[in-house]
Q: 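Attaching a single structure in structure tokens format; questions to follow.
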Amino acid sequence: MTEQKKLSVMRERNMQSETQKNKIGKVIAQILCYAFLITMAFVILFPFYWMIISSLKTVDEYYLTIPTFFPKTIVLKNYFWDAFETANLSRLFFNTVLVGVVSTVLSLVITVLSAFAFARLEFKGKNALFAALLATMMIPGELFTITNYQTVANWGWVDYEVNWFEGYAVLIVPFLVSVFYIYLLRQNFLQIPNELYLAAKVDGTSDLKYLWKVMIPLALPTLISITILKMMGSWNSYVWPNLVSKIAVDQPNTYKLITNGLRGANFTLEGSDRVNFPVQMAAVVVVSIPLFLVFIFLRKYIMKGVSRSGIKG
């Protein structure tokens, strides 16, 4: 009995020692994890902090040899006047919003009709056609830029005598169809029971009415996600607008969007070779605010819509 008690006490002590080591290990792991996350958060957020404080400085303070980490004098004039006047932000915002809204609405119409056809309608070659569309997702987007440019050039949309319709159409039309959005919405439509469609057909409901009354309301989270992603894509697009808006008209700023318009703005001070970086940073902050607001307030809709799409099919 004595030996058994000794063994039992030793086992208990060993268990307590192991438990304590495990607790210490978990604490150390959490400390290292949080230290890594804090470090990465600092690395990611510091450029944004520097952009904001730089936009509030004077030009002389910005060019100091020893940089200041908080402006000595807050210059709000950089935002409310200089940024809009120098970069012509009002026109850039108008062009970007117009192109984004029109392209998003038309893209949604094409995406909804295409996804419904691939999810519910039966026609010859449906699976082969859908597989061919998916195969195009493996082609780099830069190749589409070449072919799209050749197409709009043949239509005469990139010469110096285009009208306002052609000037905006060249920014909207080439990217109305998104295979990824069609695939995403089709997967969501496939999760809706086919019995609903068959019952609607028995009652004499047309395909468009069934789509409008049943499928679109059920797939609304995914449609919201597509709308947000499309708007963000239009807001951030650079290569194509920079390629066509430069040569679309003899007035280069007429059809430029925020990305390439801000990039080409002249922030050089009059009578000097110095760049007015505070005003430039203020313009960048103004342009970035809408995307931050979209991400903060609408991120749950993006995640919800993507998660509802599933992997069925």
Side-chain angles (χ1 to χ4, degrees), residues 27-101 228-239 241-242 245 252-253 256-303:
V27 171
I28 294 175
Q30 286 184 344
I31 292 174
L32 294 176
C33 179
Y34 281 111
F36 173 77
L37 293 176
I38 292 173
T39 303
M40 294 305 298
F42 176 79
V43 171
I44 295 173
L45 295 177
F46 183 76
F48 294 98
Y49 169 76
W50 189 257
M51 175 179 67
I52 293 173
I53 65 168
S54 298
S55 66
L56 296 172
K57 294 179 180 180
T58 61
V59 178
D60 295 333
E61 182 180 358
Y62 183 88
Y63 279 97
L64 290 177
T65 305
I66 301 176
T68 57
F69 288 89
F70 193 81
K72 298 178 181 178
T73 303
I74 296 178
V75 184
L76 296 178
K77 182 173 174 287
N78 293 339
Y79 282 90
F80 295 114
W81 179 250
D82 292 346
F84 279 85
E85 181 183 24
T86 305
N88 196 13
L89 286 183
S90 300
R91 180 70 185 187
L92 298 180
F93 268 111
F94 172 80
N95 291 341
T96 306
V97 172
L98 177 63
V99 171
V101 171
I228 296 171
L229 293 175
K230 179 63 179 176
M231 282 294 298
M232 293 178 65
S234 299
W235 192 274
N236 290 325
S237 60
Y238 175 77
V239 175
N242 193 55
S245 62
N253 291 328
K256 280 190 175 183
L257 304 186
I258 279 178
T259 49
N260 59 320
L262 189 61
R263 178 71 174 81
N266 183 16
F267 292 96
T268 304
L269 293 170
E270 293 185 7
S272 174
D273 58 350
R274 295 196 305 177
V275 178
N276 194 342
F277 284 109
V279 174
Q280 189 178 39
M281 292 296 109
V284 174
V285 172
V286 172
V287 170
S288 303
I289 286 175
L291 291 182
F292 280 114
L293 295 178
V294 167
F295 176 76
I296 291 173
F297 294 106
L298 301 179
R299 65 184 185 278
K300 64 178 181 180
Y301 295 104
I302 299 176
M303 300 304 299

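Along the sequence shown, residues carry numbers from 1.
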Q: Can you tell if the side chain of P278 reaches within under 4.5 Å of the side chain of V75, non-hydrogen atoms only?
A: no
Q: If the condition is side chain to side chain donor-acceptor pair (under 3.5 Å), which residues does D60 pass it with, not counting sequence neighbours?
A: R274
Q: Among residues at least two apart in sequence or on other chains, which ones pass ring-ring contact (aromatic ring centres under 6.0 Å, His included) with Y238?
A: none
Q: Looking at residues at least two apart in the chain, or sitting in another chain, which of them share a side chain to side chain donor-acceptor pair (under 3.5 Å) with K72?
A: none
Q: Could you list the residues that satisfy ring-ring contact (aromatic ring centres under 6.0 Å, His included) with F42, not counting sequence neighbours?
A: F46
Q: For K57, what residues pass the side chain to side chain donor-acceptor pair (under 3.5 Å) criterion, not counting sequence neighbours?
A: T68
Q: With sequence neighbours left out, what residues match V284 under side-chain contact (heavy atoms from CB on, under 4.5 Å)?
A: M51, L262, S288
Q: Please list, chain by chain and in numerical order, all residues satisfying ring-ring contact (aromatic ring centres under 6.0 Å, His included) with F93, sequence neighbours excluded.
A: W235
Q: Looking at P67 and T65, what are the two nearest heavy atoms and their distance?
A: CD-O, 3.5 Å
Q: Does the side chain of P241 reach to within under 4.5 Å of the side chain of N260, using non-hydrogen atoms?
A: yes
Q: Is L291 close to N236 at the side-chain level, that is, under 4.5 Å between some pair of heavy atoms?
A: yes
Q: When rounded to the nearest 0.5 angstrom, what distance separates NZ in K256 from CG in N95?
A: 11.0 Å
Q: side-chain contact (heavy atoms from CB on, under 4.5 Å) with I296: which residues, sequence neighbours excluded?
A: R299
Q: Of all residues at least two apart in sequence or in a different chain, which pass the ring-ring contact (aromatic ring centres under 6.0 Å, His included) check with Y62?
A: F277
Q: Got a sec, which pairs hit salt bridge (Lys or Arg N to Asp or Glu O under 4.0 Å) with one end in residues 42-55, sequence neighbours left out?
A: none
Q: Report yes or no: does Y79 contribute a side-chain atom to a donor-acceptor pair with the main-chain N or O of L56 at less than 3.5 Å?
A: no
Q: Please identify each residue that fulfils side chain to side chain donor-acceptor pair (under 3.5 Å) with T96, with sequence neighbours left out.
A: none
Q: Name all residues meeting the side-chain contact (heavy atoms from CB on, under 4.5 Å) criterion together with L32; count only those two or more places apart in sequence or in a different chain, and write none if there are none.
A: I28
